[in-house]
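If you read the sequence from its start, that first residue is 1, and numbering goes on from there. Bear in mind that the values here come from a model prediction, so they are computed numbers and not experimental data.
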Amino acid sequence: GTYYFWVRAGNGCMPGDFAGPLSPGAIAGLAGAPEIAPGFTTGVLGVKTPGELGAATATQAGQTKTFNWWWLLVLGVAVGVVAAFLVTSATSPQYEAVTKIVVQGGVTPGIPSLSDIEASRRLSQNYSDLIETRPILEEVIRSLNLSYAVGQLAHNITVTSPRSLIEIKVTDTNPQLAADIANATAQIFIADFRDKQFLQIAQFQSSLAQYGITQDPSIVAAQAATMSALRVAEPAVAPTSPSSPRTRLNILVAAGVGLL
């Protein structure tokens, strides 16, 4: 029998239209045409069937898409890390120094009672508000000859009162100055507190003298309580490492954001 073929040309990208039907004799009978075209084998339709070609194309597309996603992830992480490093490098390092003041609110000799501890806790909260008042900060500026305004100094000082302690934390670009400000603030506040307390005691003693009372044990007790009411438990020292910016943390956070 005679077999007929539908034939189309292809260059691996866009195949042409089918032509035919043609018999082997018609193809071989063309002027100058070889019996078998170069690159083809008798009886073979092609290197790959249409189904195989479709599967290969889908695999290549998936690989290309995966590569594009990885490239975007790497690019996002790189941009975030570089941006975080540049911003952190341009930020002036800040140093924190802390002075701790212990508050003794009771008058019971020996071991403090529960009421003494509670009184100390309440007083530490009240005294904390007084430390950041204008007269105290102005005296700190004057004593250290600072170029800061009162508002700027107040912004650099944070006062907290955990239990019966008062913590004065100062932030500054100069580590030694941060420690000096924290210690000076504590000392000036304690001195101011004692001056005011002794003034009240003196006024009370003067009132008693008008009635001929010159020796009152309560005066001595009040003076002793004033001296022990506040004292520096731990002076500030110049920090050796900045508290901010945290370069490593910022870079890690930026890398995590870049992954998103």
Side-chain angles (χ1 to χ4, degrees), residues 87-88 90-107 112 116-206 222-247 249-250:
V87 172
T88 301
T91 304
S92 300
Q94 299 289 324
Y95 297 86
E96 290 182 354
V98 179
T99 297
K100 297 180 180 180
I101 301 174
V102 63
V103 180
Q104 178 63 50
V107 295
D116 293 339
I117 295 175
E118 180 61 24
S120 299
R121 187 186 65 81
R122 290 197 302 266
L123 287 174
S124 65
Q125 295 175 348
N126 295 334
Y127 294 159
S128 297
D129 297 333
L130 298 176
I131 292 176
E132 295 182 275
T133 57
R134 178 176 293 274
I136 299 297
L137 298 182
E138 287 178 341
E139 183 61 23
V140 173
I141 293 174
R142 187 198 63 77
S143 64
L144 296 178
N145 194 25
L146 300 177
S147 60
Y148 296 156
V150 172
Q152 183 180 1
L153 180 59
H155 181 267
N156 293 349
I157 296 178
T158 303
V159 182
T160 57
S161 54
R163 298 179 297 280
S164 59
L165 288 176
I166 297 176
E167 294 185 356
I168 303 174
K169 181 172 66 176
V170 177
T171 304
D172 199 274
T173 56
N174 185 323
Q176 185 58 56
L177 185 58
D180 292 342
I181 293 175
N183 289 329
T185 303
Q187 294 167 0
I188 289 172
F189 172 71
I190 292 175
D192 181 75
F193 169 80
R194 289 175 178 174
D195 289 343
K196 292 178 179 177
Q197 289 296 106
F198 285 140
L199 178 60
Q200 293 180 358
I201 293 173
Q203 292 173 347
F204 179 66
Q205 190 174 16
S206 176
Q223 292 173 340
T226 297
M227 291 302 298
S228 62
L230 297 173
R231 60 181 177 85
V232 175
E234 183 179 320
V237 295
T240 57
S241 59
S243 58
S244 66
R246 299 179 179 178
T247 304
L249 178 60
N250 292 344

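Counting only residues at least two apart or in different chains, salt bridge (charged side-chain N to carboxylate O under 4.0 Å, His left out) contacts with residues 142-156 comprise E139-R142.
By the side-chain contact (heavy atoms from CB on, under 4.5 Å) test, P235 pairs with N183, V232, sequence neighbours left out. With sequence neighbours excluded, no residue forms a salt bridge (Lys or Arg N to Asp or Glu O under 4.0 Å) with D195. Taking Q200 as the reference, nothing meets the side chain to side chain donor-acceptor pair (under 3.5 Å) condition, with sequence neighbours excluded. Applying the side-chain contact (heavy atoms from CB on, under 4.5 Å) criterion to E167, with sequence neighbours excluded, gives V98, K100, T160, P162. In this view, A97 and A178, A179, A236, P239 satisfy the side-chain contact (heavy atoms from CB on, under 4.5 Å) rule, not counting sequence neighbours. Residues that satisfy the side-chain contact (heavy atoms from CB on, under 4.5 Å) test with V150, not counting sequence neighbours, are R134, L137, E138, I141. Not counting sequence neighbours, E132 has no partner by the salt bridge (Lys or Arg N to Asp or Glu O under 4.0 Å) test. Remark: N174 engages no residue in a side chain to side chain donor-acceptor pair (under 3.5 Å) (not counting sequence neighbours). Legend: residues meeting side chain to side chain donor-acceptor pair (under 3.5 Å) with T185, ordered by chain and number and at least two apart, are absent. Scanning for side chain to side chain donor-acceptor pair (under 3.5 Å) contacts around Y127 gives an empty result, with sequence neighbours left out.
Going from atom OG1 of T171 over to atom OH of Y95 covers 12.5 Å, rounded to the nearest 0.5 Å. Here the OG atom belonging to S124 is positioned 10.0 Å from the CG atom belonging to D129, to the nearest 0.5 angstrom. If you take CD1 on I131 and CD1 on I188, they are separated by 11.5 Å, rounding to the nearest 0.5 Å. Expressed to the nearest 0.5 Å, how far CG of N156 lies from NZ of K169 amounts to 11.5 Å. For the atom pair OG1 (T133) and CG (D192), the distance works out to 7.5 Å, reported to the nearest 0.5 Å. Expressed to the nearest 0.5 Å, how far OG of S128 lies from CD1 of I166 amounts to 4.5 Å.
Checked by atom type and distance alone, the side chain of R231 never pairs as donor or acceptor with a backbone atom of V102 at under 3.5 Å.
Side-chain contact between L230 and V103: present, with at least one pair of heavy atoms (C-beta onward) separated by less than 4.5 Å. With contacts defined as side-chain heavy-atom distances shorter than 4.5 Å, the pair V140/L153 qualifies. Using a 4.5 Å cut-off on side-chain heavy atoms (C-beta onward), V159 and F189 make no contact. Residues T173 and Q94 have side chains in contact (heavy-atom distance under 4.5 Å, counting atoms from C-beta outward).
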Begin from the C-alpha positions of L177 and L146 and carry the test side chain to side chain contact (heavy atoms under 4.5 Å, CB included) through to its verdict. CA-CA 10 Å; L177 185 58; L146 300 177; 3.7 Å; yes
